[in-house]
Engineer: 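Dropping the structure in here first, questions after.
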Amino acid sequence: AIGAHPDDVEFGCGGMLAKYARRGHAVCLFVASDGALGGDPDVRRREQAASAKILGVREVHWGGYADTEVPLTRELIARLEKVIREVDPRMIFVNSPDDTHQDHRHLAQCAMSATRYVPNFLFFEVPSTVNFVPNCYTDIAEVLDVKLAGLEAHRSQVTKTSIEDLTILELAKSCANFRGIQARVKYAEGFHSVRLLLNL
């Protein structure tokens, strides 16, 4: 899973990652920036490590880019390609390119190029995503508590939603309920697949 900032991946696909980890799959993250404009970078890195442990993530790769300055460059594509060669993933999740935050847009566009040979490539949503229309879902009722615990590990960010009296945990649960209704289950994560290889 590829995220622009600490907690992007947890919000967008934390439930799916927890399900994969529970089933014995190797789950790895690439986090492009340490989110320094949203808090102390050392704290945010520690929070990301704590969250990764909760979700069952095997390894976190850091991009090292400055918050709000994740570039749309060949260099970022090459860095993603290097991690992809190391990890050899069969499934990639990344921020949606239709988003009000430039870091999310740039990362998504670079990831599209870097992951062109990976068979499964899906976009996830975060609170700043716009015009998101999922075309596939996963039921996260069994792991909703794990997803929320992963988000809660980002303690410095829980109340920073810019929405009055609404924490990131409440926002994530509401989103999961809404996507669940669309998928005809109680709680779900929605994704927009660019490529989805269905093996029976």
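Counting begins at 1 with the first residue of the sequence.
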Engineer: Please report the closest heavy-atom contact between P71 and L76, naming both atoms and the distance.
Structural biologist: O-CD2, 3.2 Å

Engineer: Between A1 and L17, what is the shortest heavy-atom contact and its length?
Structural biologist: CB-CD1, 3.8 Å

Engineer: Hydrogens and angles aside, do R179 and Q182 bring a side-chain donor and acceptor to less than 3.5 Å of each other?
Structural biologist: yes

Engineer: For the pair N120 (side chain) and R90 (backbone), establish whether a donor and an acceptor sit closer than 3.5 Å, ignoring hydrogens and angles.
Structural biologist: yes

Engineer: Do P6 and E47 make a side-chain contact, defined as non-hydrogen atoms from C-beta onward lying under 4.5 Å apart?
Structural biologist: no

Engineer: Test N95 against F123 for side chain to side chain contact (heavy atoms under 4.5 Å, CB included), laying out the working first.
Structural biologist: CA-CA 6 Å; N95 289 94; F123 293 125; over 6 Å; no

Engineer: Let me know which of E75, H5, H106 forms a side-chain contact (heavy atoms from CB on, under 4.5 Å) with Y65.
Structural biologist: E75

Engineer: Using a 6.0 Å cut-off, check whether atom NZ of K160 has over 12 heavy atoms from anything other than its own residue.
Structural biologist: yes

Engineer: How about F121 and P89: do any of their side-chain heavy atoms sit closer than 4.5 Å?
Structural biologist: no

Engineer: Can you check side chain to side chain donor-acceptor pair (under 3.5 Å) on H104 and D99, steps first, answer last?
Structural biologist: CA-CA 6 Å; H104 300 165; D99 197 286; 2.9 Å; yes

Engineer: Would you sort out whether Q102 and R105 count as a side chain to side chain donor-acceptor pair (under 3.5 Å), showing the intermediate values?
Structural biologist: CA-CA 5 Å; Q102 68 275 13; R105 293 195 304 271; 4.9 Å; no

Engineer: Tell me, yes or no, whether the heavy-atom count around R195 atom CZ, taken from other residues, nucleotides or ligands under 6.0 Å, exceeds 12.
Structural biologist: yes

Engineer: If you measure from SG on C28 to CG on D88, what distance do you get to the nearest 0.5 Å?
Structural biologist: 10.5 Å

Engineer: Please find the pair of heavy atoms, one from A18 and one from V146, that lie closest to each other, and give the distance.
Structural biologist: CB-CG1, 3.8 Å

Engineer: Counting only heavy atoms not in R116, do more than 12 sit closer than 6.0 Å to its CZ atom?
Structural biologist: yes

Engineer: Do side-chain atoms of K19 reach the backbone of E142 as a donor and acceptor pair under 3.5 angstrom?
Structural biologist: no

Engineer: Output the distance between atom NZ (K173) and atom CD1 (I140), rounded to the nearest 0.5 Å.
Structural biologist: 11.0 Å

Engineer: With under 30° as parallel and over 60° as perpendicular, where do the rings of Y20 and H25 fit, or are they tilted in between?
Structural biologist: perpendicular

Engineer: Taking the side chain as C-beta and beyond, is there a heavy-atom pair between I2 and L80 under 4.5 Å?
Structural biologist: yes

Engineer: Please check this pair: side chain of D34 against backbone of P41, looking for a donor-acceptor N/O pair closer than 3.5 Å.
Structural biologist: no

Engineer: Considering all heavy atoms of both residues, which atom of A172 and which atom of L148 are nearest to each other, and what is their separation?
Structural biologist: CB-CD2, 4.0 Å

Engineer: What's the shortest heavy-atom distance between I168 and F11, and which atoms?
Structural biologist: CD1-CD1, 3.8 Å

Engineer: I'd like to check L151 versus S51 (side-chain heavy atoms, cut-off strictly below 4.5 Å). Are they in contact?
Structural biologist: no

Engineer: How far apart are the closest heavy atoms of A153 and I54, and which atoms are they?
Structural biologist: CB-CD1, 3.9 Å

Engineer: Considering only heavy atoms from C-beta outward, does the side chain of Q48 approach that of E10 to under 4.5 Å?
Structural biologist: yes

Engineer: For the side-chain contact (heavy atoms from CB on, under 4.5 Å) test, which of F124, F132, F191 pairs with S96?
Structural biologist: F132

Engineer: Please lay out, stage by stage, how M91 and M16 fare under the test side chain to side chain contact (heavy atoms under 4.5 Å, CB included).
Structural biologist: CA-CA 11 Å; M91 180 77 71; M16 177 67 100; 6.0 Å; no

Engineer: Just by modelled atom types, is the D7 backbone N or O under 3.5 Å from a matching donor or acceptor in the Q157 side chain?
Structural biologist: no

